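Only one structure is covered here, and it is reproduced in the block below.
Here the structure is a predicted model, which is why all the values come from computation and not from measurement.
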Amino acid sequence: MARSTTRPVVKLKSTAGTGVTYVTRKNRLNDPDRLVLRKYDPLAGAHVLFREER
């Protein structure tokens, strides 16, 4: 079967207050209701929580 090509784009904003944003494609393995993800914030120099903007 063909894999679905429509994967929603999610905008993530850093909670560290640095203003860093990521635009990612939602991973189907992730919980669809997850609102925070840990990603690397280059301005903070560490992995911090990123909150989804819905």
Side-chain angles (χ1 to χ4, degrees):
M1 291 179 64
R3 184 177 288 210
S4 174
T5 57
T6 58
R7 299 178 70 189
V9 173
V10 175
K11 195 169 184 184
L12 300 171
K13 189 168 180 64
S14 176
T15 59
T18 57
V20 173
T21 57
Y22 281 96
V23 177
T24 63
R25 295 196 175 274
K26 198 168 195 72
N27 187 343
R28 101 176 37 220
L29 297 176
N30 284 344
D31 178 8
D33 294 322
R34 180 184 290 182
L35 292 174
V36 289
L37 289 169
R38 275 177 60 83
K39 292 180 79 69
Y40 184 76
D41 187 337
L43 293 181
H47 282 81
V48 296
L49 291 177
F50 276 74
R51 191 167 297 281
E52 277 186 22
E53 290 183 344
R54 290 193 175 192

From CG (L49) to CG (L35), nearest 0.5 Å
11.5 Å
Compare all side-chain heavy atoms of R51 with those of K13 and state whether any distance is below 4.5 angstrom.
no
Of all residues at least two apart in sequence or in a different chain, which pass the side-chain contact (heavy atoms from CB on, under 4.5 Å) check with T18?
S14, A16, V20, D41, L43, A44
Looking at Y22, does the NZ or CZ of K39 lie under 6.0 angstrom from its six-membered ring centre and within 45 degrees of the ring axis?
yes
Okay, side chain of T21, backbone of L12: is any donor-acceptor separation there less than 3.5 Å?
no
If hydrophobic residues (ILVMFWY) are linked whenever their side-chain heavy atoms come closer than 4.5 Å, directly or via other members, who joins Y40 in its cluster?
none
